[in-house]
Amino acid sequence: MADDTRVEDGRVEGAQADASPQRRGPAAPLPASEAPFDAIGLARHLLRSIRSGALATLDAQDGMPFASLVTIATDVDGTPLMLLSRLSAHTRNLLADPRASLLFSAGGKGDPLAHPRLTVTGRATQTKEPRIRERFVARHPKAKLYADFPDFGFFALEPSAGHLNGGFAKAATLTPAELRLDLSGAEALMAGERGAVEHMNADHADALALYAKIEGGGDGPWRLTGLDPEGMDLLAGDRTARIRYPAPVTDMGGLRKILVEMAAKAREPVPSAG
């Protein structure tokens, strides 16, 4: 401590005491790559497992923020998908200005702010890609009743950034590359996805129940709604389960092998406690 500074009764006096403390601004979240928890894994889990969220758009008349509730699915790479009516205010807003954000909130018992949530910002554009329809309707079976009405259309939110709040003292920002999967080399898996989904639902409901059990999903009946290089998405009524593979897969042979291994592991008896 400098000679012109002394401590008396727990107080600091002298030159150091005269220095004005710096004004502290609001705490900034860490980049996901620097966060002390698996921010990327948690963000991707929220993207894949939550079927509805708050959509924020800019009012086409006065530019004010406008929030509404929408149903959500994801493309193979994790891009958020929506089925919107042109009669809705949020659709008119997006057609005038595609900037938007989606809030994915896990919810649960107790304090709502204690549960993880993810905000994804970006630009929403309309798409007529057949795969988008298949994945959305599989995730929201009742949407099949109106998905082809002329006033409805599918929109994809191209992410520009993500903001994750994983609960107390767990905040992180994410880049588009951290939110979505890189599908390079996984073309064979994408091409075979629909056939694999139909096959698993028709012939391997028992295995799907085992996968859901691993994640604590409870009893089914569970159906597979989509798969990707990192995992698969299951649905039972209004409940979802996101199942991650032990390792990424890029083709159907690798998928079959890893699904057999996962089912075998799930069937192993639980060791007794003593």
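Because the structure is predicted, anything quoted here is derived from the model rather than measured.
With rounding to the nearest 0.5 angstrom, the CG atom of L234 is 6.5 Å from the CH2 atom of W222.
The only option from T225, T71, D233 that meets the side chain to side chain donor-acceptor pair (under 3.5 Å) definition with R139 turns out to be T225. Residue R180 is tested with T79, T175, D75 for a side chain to side chain donor-acceptor pair (under 3.5 Å); the sole match is T79.
No donor-acceptor pair under 3.5 Å is formed between the side chain of D59 and the backbone N or O of P65. Judged by distance alone, with hydrogens and angles left aside, the side-chain atoms of S49 form no donor-acceptor pair with the main-chain N or O of R242 at under 3.5 Å. At least one donor-acceptor pair under 3.5 Å links the side chain of S160 to the backbone N or O of T121.
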### Query
Should T250 and L189 be marked as a side-chain contact (heavy atoms from CB on, under 4.5 Å) after you check the CA-CA gap, both sets of side-chain angles, and the distance that decides it?
CA-CA 6 Å; T250 57; L189 183 69; 5.7 Å; no
### Task
Carefully, step by step, assess E193 and V76 under the rule side-chain contact (heavy atoms from CB on, under 4.5 Å).
CA-CA 9 Å; E193 180 200 11; V76 180; 3.8 Å; yes
### Message
Quick one, F155 with T125, criterion side-chain contact (heavy atoms from CB on, under 4.5 Å). Give me CA distance, side-chain angles, the key distance, then yes/no.
### Response
CA-CA 5 Å; F155 286 75; T125 56; 5.8 Å; no
### Message
Working note: N201 + L208, criterion side-chain contact (heavy atoms from CB on, under 4.5 Å); need CA distance, chi angles, decisive distance, verdict.
### Response
CA-CA 8 Å; N201 286 332; L208 295 178; 3.4 Å; yes
### Query
Yes or no on side chain to side chain donor-acceptor pair (under 3.5 Å) for S101 and T119, after CA distance, side-chain angles and deciding distance?
CA-CA 7 Å; S101 67; T119 297; over 6 Å; no
### Message
As a quick check of understanding, evaluate salt bridge (charged side-chain N to carboxylate O under 4.0 Å, His left out) for K170 and D38, giving each step before the final call.
### Response
CA-CA 10 Å; K170 287 186 176 182; D38 184 9; over 6 Å; no
### Task
Evaluate the salt bridge (charged side-chain N to carboxylate O under 4.0 Å, His left out) criterion for residues E230 and R44: first the C-alpha distance (whole Å), next the side-chain angles of each, then the deciding distance (0.1 Å), finally the verdict.
CA-CA 10 Å; E230 195 172 69; R44 289 181 175 179; 2.9 Å; yes
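With contacts defined as side-chain heavy-atom distances shorter than 4.5 Å, the pair M190/D228 does not qualify. Under the 4.5 Å side-chain criterion, counting only non-hydrogen atoms from C-beta, L83 is not in contact with H140. Side-chain contact check for L102 versus L118: every heavy-atom pair is 4.5 Å or farther apart. Counting only heavy atoms from C-beta outward, the side chains of R133 and P130 never approach each other to under 4.5 Å. Q126 has its side chain out of reach of L94: every pair of non-hydrogen atoms, C-beta onward, lies at least 4.5 Å apart. Using a 4.5 Å heavy-atom cutoff, the side chains of L55 and M82 are in contact. Residues D77 and P229 have side chains not in contact (no heavy-atom distance under 4.5 Å, counting atoms from C-beta outward). Proximity of L46 to P116: side-chain heavy atoms (C-beta onward) are separated by under 4.5 Å at one or more points.
Taking every heavy atom of both residues into account, P80 and L47 meet most closely at CG-CD2, 4.0 Å. In terms of heavy-atom proximity, Y245 sits nearest to I258 at CB-CD1, 3.8 Å. Across G53 and I72, no two heavy atoms sit closer than the pair N-CD1, 3.5 Å. Of all non-hydrogen atoms in A196 and L255, the two that sit nearest each other are CB-CD2, 4.4 Å. Between Y211 and M262, the shortest heavy-atom contact is CE2-CB, 3.8 Å. Heavy-atom minimum distance, T173 versus E178: O-OE1, 4.0 Å.
Donor-acceptor pairing under 3.5 Å is recorded for the side chains of H90 and S68. Judged purely by distance below 3.5 Å, without hydrogens or angles, the side chains of T91 and R86 never pair a donor atom with an acceptor atom.
For the side-chain hydrogen bond (donor to acceptor under 3.5 Å, both in side chains) test, residues two or more places apart in sequence or in another chain that qualify with D182 are S184.
Around atom CD of E261, more than 12 heavy atoms belonging to other residues, nucleotides or ligands sit under 6.0 Å away. The neighbour count for D238 CG, taken as heavy atoms of other residues, nucleotides or ligands under 6.0 Å away, does not exceed 12. For D219, the CG atom sits in a loose shell: 12 or fewer heavy atoms of surrounding residues, nucleotides or ligands are nearer than 6.0 Å.
Hydrophobic clustering of Ile, Leu, Val, Met, Phe, Trp and Tyr side chains at less than 4.5 Å, counting indirect connections, unites I132 with L145. By the rule that hydrophobic residues join a cluster once side-chain heavy atoms approach within less than 4.5 Å of another member, I50 and L42 end up as members of one cluster. Side-chain heavy atoms closer than 4.5 Å link hydrophobic residues (I, L, V, M, F, W, Y) into clusters, and following such links, even through other members, never connects L224 to L81. Linking ILVMFWY residues whenever their side-chain heavy atoms come closer than 4.5 Å, directly or via other members, leaves I214 and L235 in distinct clusters. Linking ILVMFWY residues whenever their side-chain heavy atoms come closer than 4.5 Å, directly or via other members, leaves L183 and V249 in distinct clusters.
Relative ring orientation between Y146 and F152 is described as tilted, the plane-to-plane angle lying within the 30° to 60° band.
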